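Reminder, nothing fancy here: chain letters follow the sequence lines and each chain counts from 1. Values reported hereafter were calculated over all heavy atoms of this structure, with side chains retained and with hydrogens, waters and symmetry mates removed. No experiment lies behind these values; they were computed from the predicted model shown.
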Amino acid sequence: MVEGIRRGDLVGIAVVGERGAFAAPEHSGGSAIPQPWPQHVLRADSDWPRWAMWSSDTARALVAAGVEVRSAWDLRAVDRLLHGRWRTDPARIWANAFGLAPDGIPLDMPIDLFHPYQPPDAAEGPVDAAGYLRPHWIARDWYATDAHTAQWTELITTVARTQIEQVQTLEAAERVLASARCESTTELLCAELEHVGLPIDRRAAEAIIVSHAGPRPTRSNDEAAARATRATRDADVFVHAQDAPPIDLRNPAQVRTLLRFVGIEVPDTRAGTLRRVRDKHPIIEALLTWRKSERIATTYGYAWLDEAVGDDGRLRGSWSSSDGAAGRMTASAGLHNLVGEMRAAVVAEPGFTFVRADLGQIEPRVLAVISRDAALARATQQDDLYAPVAAQLDVDRATAKLAVLGAMYGQTTGHGAAALARMRNAYPVAMAYLDAGDRAGQLGEDVRTYGGRLIRMNAANADAMDEREARSIAAARGRYARNALVQGAAAEFFKLWAVTVRARAVELDARIVLCLHDELLIHVAVDDAPAAVRLVDDALQETAFRFVPNNAVRFVADTSIVSRWSDA
DNA sequence: TGCGGCTATTG
DNA sequence: CACAATAGCCGCAG
C-alpha cells in the first residue's frame with residue numbers, strides 16, 4: 001500500500017525505462033516515487049486510486065509486469081472520446097486539453113547529418129512559452145533524474161484533471177464522465193485481453209485446417225507440397241468443366257469467363273449471386289465449396305495458427321477499445337471474424353469452462369434509451385422486442401425486424417419500405433431522433449453519442465462532383481451519422497457491461513477472454529461457473545441501471561456454460 | 001511496393 | 001440505395 005493514496009484518487013503513472021513511477025497525491029505532500037517493476041504496491045487491496053496514464057501502452061507495460069490495475073483514466077482514450085480523433089499523441093492530447101491550436105504544436109527536430117542529437121537542457125521544464133509540451137519531454141527516454149520523472153507523472157495528473165474540467169462543460173456531464181472512466185478502464189481490459197489470449201485446442205484447429213487445406217507441409221517440401229494441395233483443391237472445380245481453358249480461380253474476372261464457358265452468365269461471382277444459379281450447373285456448388293476451403297487455407301491456415309496461437313495454446317491479437325466510426329471494440333488475428341467452423345477449436349482449458357453471454361437485440365433497446373421513445377421502451381419489456389413491434393405494426397416478426405434494422409441503418413427502399421412507413425407512425429420519437437442524426441450527417445455537422453463520443457463528419461469535397469453524386473454522398477453520410485449514434489451507444493452499453501463484469505470477476509479469478517460487440521466469453525474454473533453466470537446477470541442489471549437511471553428500458557442477455565465456444 | 005477492387009467472415 | 005469491422009489475393013501503376 002502506498003502512503004497517502006486513497007481510493008478514488010487520481011494519480012498519474014508512467015513507465016520510464018525499466019521503472020514505473022507515479023505521482024504522489026496532493027494531500028501526501030510528496031512527489032513521484034519511481035519504482036522498479038514488478039510493483040506490488042500498486043495492487044493495494046482496499047485503497048486504490050484511478051491511475052491516470054497517457055495511453056494503453058502504459059497499461060500493457062503494467063500487465064506485462066504482473067501488476068493488476070483496477071481502474072484508469074486513459075488520456076488518449078478520453079481525448080478520442082471528447083475530440084473524435086483517432087491518431088493522437090501526447091503533444092496533441094495536451095494541446096486539446098488546454099485548447100491550444102493543433103497547428104502550433106512544436107515539431108521534434110529530425111536527427112540527421114545536419115541536426116546531430118543534442119541532449120536537451122535539463123533545466124527546461126516540460127512546457128514551452130506558448131504552453132505546448134516540449135517534444136523532447138514526450139520522447140522521455142533521456143530522463144536522468146527522479147525529479148524529471150516526478151514532473152512527468154504530475155503532468156499526467158494535470159492533463160487528467162483538465163480533461164475532467166472539459167467534460168464538466170458538456171451537456172450531460174455526469175454521463176460523459178462515467179463514459180470517460182469506462183472508456184479508460186476498457187483500455188485496461190484490452191491490455192489484459194492481449195495478454196491472456198483466447199484458449200484454443202490446437203489439435204482441433206489443425207484437424208479443421210487439414211480437412212480444408214490438406215496436411216501441413218513439412219519444411220523440406222513446403223513449396224511443392226503447398227502447390228500440390230492447391231492444385232488438388234482447384235481440380236475439384238475444373239473436373240466440372242474439363243474442356244475449359246486453364247484459369248485462376250482466385251481471379252473473379254477469370255471465374256466469370258469459366259462460368260460463361262459452361263453457359264452461365266453472372267454480373268459478379270459473390271457467393272450470394274452464385275447460390276441463385278446453383279442448380280444450373282454442378283460447377284457452382286464445387287466453386288462455393290472451393291471458396292470455403294480456400295478461405296480456411298489462406299486466412300485460418302497453418303500460418304495463422306503459427307503466428308496467432310502461442311505455445312500455451314492461446315490465440316492473441318491486438319485489441320482496440322474504440323475503433324472505427326462509432327467506438328466499437330476491434331480485434332485482429334481473426335478474433336472478431338473467426339469462421340463458425342473454427343469456433344469448435346475454441347475450447348476451455350482442463351478444469352475450466354466458458355461462460356458465454358450475449359446481449360439480446362441490443363441496438364433497438366439502446367435506441368429506446370437514447371431517443372427516449374416511450375412506445376419503444378414499452379416494447380423492450382418483452383424478451384423478444386420484435387414481437388410487440390410486429391403487433392404494433394401489424395406485420396409478421398421477420399418484417400418487423402427488417403423494419404427496425406432498416407430504420408437504424410437508414411434504408412429507404414426495398415421490401416421493408418412499407419413497414420418502415422408504419423414505424424414512423426408507431427415510434428415517431430425514435431424515428432425523429434434517427435432523422436435528426438441523419439440530417440446532421442448530411443449537413444456535415446458533428447454529432448455526439450449518448451456517452452459523449454464526438455463523431456466527426458468531415459466536410460465533403462464538393463469539387464468535381466455532379467449533383468447526383470453529391471446527393472448520393474450526402475445520403476451515405478446521413479446513414480453513417482444515423483447509425484453511429486445507435487451503434488456507438490450500443491458499444492458504450494457493452495463496454496460498461498464488460499468493465500463491470502471485469503471488476504466483479506476478480507474475486508472468482510474469472511477472466512474475460514473475448515469481447516464481440518454484444519457477446520462476452522469468460523474463462524472460469526468449472527466449479528465457479530454458476531457463480532460467474534449470476535455475476536454476469538447481476539452486472540447486466542447494474543449496467544442497465546447506470547445506463548438508464550429511470551429503468552424504463554429493459555436489457556436481456558442469453559447466458560450459458562459451455563466448454564466449447566461453438567456449443568453455445 | 002502501395003492501393004483500389006473483389007470477396008470472405010463476423011456482429 | 002442498409003450499418004460497422006478485419007483480412008486475403010489480384011491487377012495495376014509507378
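Here A:Ala484 lies out of heavy-atom contact (under 4.0 Å) with every strand. A:Arg291 comes within 4.0 angstrom of sugar-phosphate atoms only, judged by non-hydrogen atoms across all strands, and of no base. Nucleic acid contact class of A:Leu335 (heavy atoms, under 4.0 Å, all strands): none. A:Gly324 comes within 4.0 angstrom of the backbone, heavy atoms only, and of no base. Within the 4.0 angstrom heavy-atom criterion, no nucleotide atom of any strand lies near A:Ala253. A:Gly340 comes within contact range of the sugar-phosphate backbone alone, with a heavy-atom separation under 4.0 Å but no base atom that close. Note on A:Leu402: a base of the nucleic acid sits closer than 4.0 angstrom, heavy atoms only. At a threshold of 4.0 angstrom between heavy atoms, the contacts of A:Asp358 with the nucleic acid are absent.
The distance between atom CG of A:Leu520 and atom P of B:dT10, rounded to the nearest whole Å, is 19 Å. As rounded to whole Å, 16 Å separates atom P of B:dG5 from atom CG of A:Asn251. Atoms CG (A:Leu521) and P (B:dG11) sit 13 Å apart, rounded to a whole Å. The nearest whole Å value for the distance from the CD1 atom in A:Ile247 to the C1' atom in C:dC10 is 13 Å. Nucleotide C:dA2 holds its C1' atom 12 Å from the CG atom of A:Asp438, rounded to whole Å. Atom CD in A:Glu519 sits about 16 Å away from atom C1' in C:dA5, given to the nearest Å. Protein atom NE2 of A:His336 is 10 Å distant from nucleotide atom P of B:dG11, rounded to whole Å. For A:Tyr300 and B:dT7, the OH to C1' distance is 13 Å, given to the nearest whole Å.
Side chain of A:Arg479, nearest nucleotide from C:dT6, C:dA2, C:dA4: C:dA2. In the set C:dC10, B:dG11, B:dT7, B:dG11 carries the atom at the smallest distance from any side-chain atom of A:Asp518. Minimum atom distance to the side chain of A:Ala271 is reached by B:dA8, of the listed B:dA8, C:dT6, C:dA4. Of all nucleotides listed (C:dA2, C:dG8, C:dC1), C:dG8 comes nearest to the side chain of A:Thr298. Distance from the side chain of A:Arg295 is smallest for B:dT9 among the nucleotides C:dT6, B:dT9, C:dC3. Of the listed nucleotides (C:dC10, C:dA7, C:dG11), C:dC10 has the atom at the smallest distance from the side chain of A:Arg250. Across B:dT9, C:dA4, C:dT6, the shortest atom-to-atom separation from the side chain of A:Asp323 is found for C:dT6. Minimum atom distance to the side chain of A:Pro252 is reached by B:dC6, of the listed B:dT9, C:dG8, B:dC6. Of the candidate nucleotides C:dA5, C:dA4, B:dT10, B:dT10 has the atom nearest to the side chain of A:Arg343.
Within the 4.5 Å cutoff, the side chain of A:Trp319 has no heavy atoms near those of the A:Ser56 side chain. With a 4.5 Å cut-off on side-chain heavy atoms, A:Phe494 and A:Leu516 do not count as touching. Two residues are said to be in side-chain contact when any heavy atoms from C-beta on lie closer than 4.5 Å; A:Gln361 and A:Val389 fail this criterion. Looking only at side-chain heavy atoms (C-beta outward), A:Leu258 and A:Leu287 stay at 4.5 Å or farther from each other.
Proximity of a side-chain donor or acceptor of A:His281 to a complementary backbone N or O of A:Leu259 within less than 3.5 Å is not detected. Under the 3.5 Å distance criterion, the side-chain polar atoms of A:Tyr450 are left unmatched by any main-chain donor or acceptor of A:Ala489.
The only option from A:Glu363, A:His336, A:Met329 that meets the side-chain contact (heavy atoms from CB on, under 4.5 Å) definition with A:His517 turns out to be A:His336.
Residue A:Asn337 places a side-chain atom within donor-acceptor reach of the base of C:dT6, judged by atom type and a 3.5 Å distance cut-off alone.
Rounded to the nearest Å, the gap between the P atom of B:dG5 and that of C:dC1 is 13 Å.
The side chain of A:Arg328 places no N or O atom within less than 4.0 Å of a non-bridging phosphate oxygen (OP1 or OP2) of C:dA5. Side-chain N/O atoms of A:Gln254 include one lying less than 4.0 angstrom from OP1 or OP2 on C:dG11.
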